[in-house]
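A, B, ... follow the sequence lines: proteins, then strands. Residue 1 opens every chain.
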Amino acid sequence: MGREKESKDEDKIKLKSSKMKLKKLSGHEHAGAGGDSSRGRCMGSKRIKPEEEMDGDFISKKKSQKRKRIKEEQTECPTDTSSKESGKLEEDDTSQKKRKRKAEKTVKKEEADPVPVTKKTKRTKEEIQEAKLLKIKKKEEEEQNRWRWWEEEKYEDGVKWKFLEHKGPYFPPEYQPIPENVHFYYDGKAVKLSLAAEEVALFFAQMLDHEYTTKDQFRENFFKDWRKEMTSEERSIITDLNKCDFGEMHAMHKAKVEARKNMTKEDKQTMKDANQKIVDEFGYCLLDHHKERIGNFKIEPPGLFRGRGDHPKQGMLKKRIQPEDVIINCSLNGSIPVPPVGHHWKEVRHDNTVTWLASWTENIQGSIKYIMLNANSKLKGEKDWEKYEIARKLKTSVDHIRYQYNLDLKSKQMSTRQRAVALYFIDKLALRAGNEKEEGESADTVGCCSLRVEHITLHERLEGDECVVEFDFLGKDSIRYYNKVPVIKKVFKNLKLFMENKEPGDDLFDRLSTQLLNKHLSSLMAGLTAKVFRTYNASITLQQQLKELTNEGDNVAAMILSYNRANRAVAILCNHQRAPPKTFEQSMANLQAKIDGRKEQLALAKSEFKQAKKEAKSKGNSDPKLQTLVERKKAAVKRCEDQLLRMELQATDKEENKQIALGTSKLNYLDPRISVAWCKKYEVPLEKIYNKSQRDKFAWAIDMTEEDFEF
DNA sequence: AGGTGAACTTAGAACAGTCAGG
DNA sequence: CCTGACTGTTCTAAGTTCACCT
């Protein structure tokens with residue numbers, strides 16, 4: 001797989017193997033843990049439904065419900081019986097009171113704790129305090145406005161909402177022609193471009209600093225699409241991209257970026273306010289009585305397509321979307337979004353079995369793009385919760401499933417054997433399912449089912465292990481997966497068999513597809529698909545690692561390091577990589593320098609401490625001044641030691657994180673209740689683990705989880 | 001029973017905002 | 001107070017899954 005990503009990837013791999021220690025515990029070891037315990041106590045006190053019943057809710061319910069558009073008789077209210085409603089209200093009331101009380105406490109504490117300072121600073125301190133108070137108040141308000149949907153009854157099958165109202169998508173501004181004094185040159189001569197051609201030329205000019213514009217495929221695709229936008233006259237002149245000079249356009253763009261950076265504070269504020277206004281108007285919708293944030297309310301602006309990896313379509317023109325391309329989805333009985341003046345929507349529909357508010361078809365792949373809600377919304381949150389419940393269900397049946405595919409490894413049916421081996425990989429290595437892809441439509445990447453013979457190498461014996469499979473392929477986003485894994489004999493033998501008489505480019509699992517695999521899985525457990533294994537293995541790994549790595553008496557900083565390490569084990573399992581930050585080496589060196597500095601300081605403090613002690617001793621213990629000096633020096637040493645320790649922890653953490661991305665697993669694979677419970681148990685402030693938007697996203701988990709939660 | 005498209009989740013990069021340290 | 005590093009947010013590409021169609 002000769003890809004231009006290669007050099008970067010190689011780098012990434014080096015790290016990967018060095019960090020493999022962490023990985024030991026992937027795969028099967030975590031199977032047996034626990035098993036018995038988690039029933040019924042994990043939903044927290046407020047949730048009344050026992051888990052058993054809930055599981056049923058989650059899994060079986062949605063099975064194949066026909067999609068139906070809502071009819072005339074839309075109600076504005078969510079389905080709820082009045083009795084339940086009143087009960088809920090009552091509870092809401094008490095819990096709200098509780099929250100209020102908590103807030104009052106914090107406020108009081110702040111007030112009772114004035115800092116004695118000089119007059120001048122005092123005022124600002126007061127101001128700061130006031131700001132803090134305001135913040136707390138705002139937080140409280142937010143908390144009270146939060147829709148506690150997880151305490152509500154779920155809708156009947158397939159229905160995603162009963163009422164949906166929004167303003168439609170926000171369209172990017174029209175193209176602004178470049179000023180007269182900025183020229184485009186072809187073959188040394190200035191050429192005035194038509195508006196359409198100029199716009200596309202500017203897309204390219206703006207990207208000139210990017211590596212993309214040096215790639216042949218990108219240039220070729222761009223040029224082809226650019227020519228389509230040209231007038232026939234332009235087309236006859238401009239025939240070679242290499243003769244195009246976008247220098248002035250590029251310079252203009254850079255100047256603009258620079259100017260934006262150097263704007264005055266006021267101008268920046270004005271801009272911010274204007275943006276906020278757009279968010280306020282378009283960024284929210286009304287869904288079943290609740291205001292919900294929209295995730296992506298802006299129509300994607302036109303530009304040049306930036307595919308990942310070796311994408312055959314990179315550089316193609318991504319066209320401007322008009323209202324005439326956009327389908328609106330909303331309630332029939334609410335207000336319907338108004339299209340921009342002089343325009344109309346492609347269609348307005350009222351389908352409450354889907355969650356999107358607007359959609360359009362994109363011109364590169366012909367796929368549909370959607371406008372949907374933010375991750376902190378009910379619609380997304382509920383689904384997320386459901387996902388983790390299915391994964392927890394897998395925990396209880398995983399032993400049986402593993403037993404089953406172990407048997408299947410010896411099946412007489414080739415397709416069954418292939419399925420078993422694939423499942424073994426998916427379970428042990430957390431590989432993705434791997435759908436078939438159409439050739440030429442996207443980069444050549446694979447997952448488990450689409451692995452080819454060329455992607456694995458078998459070693460009877462390697463580095464002291466037997467039956468080692470060496471994987472080397474590009475996965476999602478063209479991220480390289482490289483791993484050497486000892487496997488059981490049966491799997492190894494099967495792989496040999498599958499590879500017999502095949503070319504490197506042939507499918508390893510020629511009798512298997514993701515559909516087949518998932519069909520089998522869903523027969524083993526309701527709701528089970530290939531990706532559930534990733535969720536399950538990620539979450540169970542976190543839980544296990546936390547158990548293993550957490551030291552009871554540690555301070556918060558050490559706790560965080562332990563958490564990050566556990567998180568990192570998961571990220572490695574899921575192969576979540578990132579390009580090392582450009583400034584990594586530098587900032588690592590900086591940190592090291594600081595550590596060295598601190599070490600010197602510590603040495604100094606220590607000798608001063610000794611000196612003071614000696615002096616105190618020699619003069620007898622009578623002098624109180626000397627005594628306090630000794631104490632002070634002692635404290636200084638202690639302080640220095642603490643700081644040094646903290647910095648060293650930080651450095652370790654940083655180094656280990658160089659090219660591993662923790663965010664993806666944290667956001668998508670780790671049951672938040674594990675983290676919440678851990679924080680509670682070890683008294684780690686949750687804000688150290690989840691930032692604001694993550695806390696919003698996981699509000700359901702934060703609210704319902706007690707410290708004894710077991711995944 | 002296999003292909004296809006709609007709908008939705010997962011992903012890393014780019015960008016913007018903030019904050020700590022000189 | 002300013003600046004660069006870090007953190008959080010936005011963006012949109014690239015996956016998975018499932019129902020529908022033939």
*Asks:* Could you go through residues 294-305 of chain A and list every donor-acceptor pair under 3.5 Å that involves a side-chain atom there, pairing it with any protein atom two or more places apart or in another chain?
*Replies:*
{"from": "A:N296", "atom 1": "OD1", "to": "A:M372", "atom 2": "N", "distance (Å)": "3.1"}
{"from": "A:N296", "atom 1": "ND2", "to": "A:Y370", "atom 2": "O", "distance (Å)": "2.8"}
{"from": "A:E300", "atom 1": "OE1", "to": "A:K318", "atom 2": "NZ", "distance (Å)": "2.9"}
{"from": "A:E300", "atom 1": "OE1", "to": "A:K369", "atom 2": "NZ", "distance (Å)": "3.2"}
{"from": "A:E300", "atom 1": "OE2", "to": "A:K369", "atom 2": "NZ", "distance (Å)": "3.3"}

*Asks:* Taking only residues two or more places apart in sequence, or in another chain, which ones meet A:F203 in a ring pair (Phe, Tyr, Trp, His ring centres under 6.0 Å)?
*Replies:*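 Not a single residue meets the ring pair (Phe, Tyr, Trp, His ring centres under 6.0 Å) criterion with A:F203.
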*Asks:* Could you say whether A:H576 or A:R260 is positioned toward the 5' end of DNA chain B, judged by the nucleotide with the nearest heavy atom to each?
*Replies:* A:H576
*Asks:* Atom CG of A:N668 to atom P of B:dA11: distance rounded to whole Å?
*Replies:*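 Roughly 6 Å, once rounded to whole Å.
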*Asks:* Among side-chain atoms of A:S665 and A:N567, is any donor-acceptor pair under 3.5 angstrom?
*Replies:* yes
*Asks:* What integer distance in Å separates A:D209:CG from B:dA13:C1'?
*Replies:* 16 Å
*Asks:* For A:R534 and B:dA11, is the shortest distance between a side-chain N/O and OP1 or OP2 below 4.0 Å?
*Replies:*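 For B:dA11, OP1/OP2 do have a side-chain N/O of A:R534 under 4.0 Å.
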*Asks:* Taking salt bridge (Lys or Arg N to Asp or Glu O under 4.0 Å) as the test, write out the residues that go with A:K265, two or more places apart.
*Replies:* none
*Asks:* How would you list, by chain and number, every residue that makes a side-chain contact (heavy atoms from CB on, under 4.5 Å) with A:T514, sequence neighbours excluded?
*Replies:* A:A433, A:N435, A:C449
*Asks:* Which salt bridge (charged side-chain N to carboxylate O under 4.0 Å, His left out) pairs, counting each pair once, include a residue from residues 513-525 of chain A, with sequence neighbours left out?
*Replies:* none
*Asks:* Determine which pairs satisfy salt bridge (charged side-chain N to carboxylate O under 4.0 Å, His left out) with at least one residue from residues 353-363 of chain A, sequence neighbours left out, and list them in order.
*Replies:* none
*Asks:* Taking only residues two or more places apart in sequence, or in another chain, which ones meet A:N564 in a side-chain contact (heavy atoms from CB on, under 4.5 Å)?
*Replies:* A:I560, A:R568, A:D653, A:L662
*Asks:* Give the ring-plane orientation class for A:F471 versus A:Y481, where under 30° counts as parallel, over 60° as perpendicular and anything between as tilted.
*Replies:* perpendicular
*Asks:* Would you jot down, in residue-number order, the residues of residues 269-281 of chain A having a non-hydrogen atom under 4.0 Å from DNA chain B?
*Replies:* none
*Asks:* Which residue lies toward the 5' end of DNA chain B, A:Q515 or A:T664, if each is placed at its nearest nucleotide?
*Replies:* A:Q515
*Asks:* Rounded to the Å, how far apart are A:D351 CG and B:dA7 P?
*Replies:*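 For the pair A:D351 CG and B:dA7 P, the rounded distance is 7 Å.
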*Asks:* Within the structure, does a side-chain N or O atom of A:K160 lie under 4.0 Å from either OP1 or OP2 of B:dC8?
*Replies:*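 Yes, because at least one side-chain N or O of A:K160 sits under 4.0 Å from OP1 or OP2 of B:dC8.
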*Asks:* List the residues meeting ring pair (Phe, Tyr, Trp, His ring centres under 6.0 Å) with A:Y563, not counting sequence neighbours, and say none if there are none.
*Replies:* A:W678
*Asks:* Quick test of your reading of the model: are A:D273 and A:K277 salt-bridged, counting only N-O distances below 4.0 Å?
*Replies:*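 A:K277 and A:D273: not salt-bridged.
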*Asks:* Between the protein and nucleotides 20-22 of chain B, which nitrogen or oxygen pairs come in under 3.5 angstrom?
*Replies:*
none

*Asks:* Can you measure A:Q314 atom CD to B:dA13 atom C1' for me and round it to whole angstrom units?
*Replies:*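 Value for this atom pair: 15 Å.
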*Asks:* Please check the phosphate of B:dA11 (OP1 and OP2 only) for any side-chain N or O of A:Y669 closer than 4.0 Å.
*Replies:*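 Indeed, a polar side-chain atom of A:Y669 lies that close.
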*Asks:* Would you please confirm or rule out a distance under 4.0 Å between OP1 or OP2 of B:dG5 and any side-chain N or O of A:S367?
*Replies:* no
*Asks:* Under 3.5 Å, is there a donor-acceptor pair between the side chain of A:K697 and the main chain of A:L667?
*Replies:* yes
*Asks:* Within this structure, what is the CZ-to-C1' distance between A:R511 and B:dA1, rounded to whole angstrom?
*Replies:* 16 Å
*Asks:* Quickly work out the A:L379 CG to B:dC8 C1' distance and round it to whole Å.
*Replies:*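 Distance check: A:L379 CG to B:dC8 C1' gives 11 Å.
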*Asks:* Check whether the side chains of A:R306 and A:Y212 place a donor and an acceptor atom closer than 3.5 Å, and report yes or no.
*Replies:* no
*Asks:* In the 5'-to-3' direction, what one-character label does each nucleotide of nucleotides 2-8 of chain C receive under the scheme B = base within less than 4.0 Å of a protein heavy atom, S = sugar-phosphate only, - = no such atom?
*Replies:* ---SS-S
*Asks:* Summarise protein proximity over nucleotides 10-16 of chain C in one line of letters, 5' to 3': B for base, S for sugar-phosphate only, - for none, counting protein heavy atoms closer than 4.0 Å.
*Replies:* SSSSBSB
*Asks:* Strictly distance-based, threshold 3.5 Å: is any side-chain N or O of A:K268 a donor or acceptor partner for the main-chain N or O of A:K261?
*Replies:*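 Yes; at least one donor-acceptor contact below 3.5 Å.
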*Asks:* In this structure, how many angstroms lie between the P atom of C:dT17 and the CG atom of A:L517, rounded?
*Replies:*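 Nearest whole value for this atom pair: 8 Å.
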*Asks:* Which of the following nucleotides, B:dG12, B:dT9, B:dT10, is nearest to the side chain of A:K387?
*Replies:* B:dT10
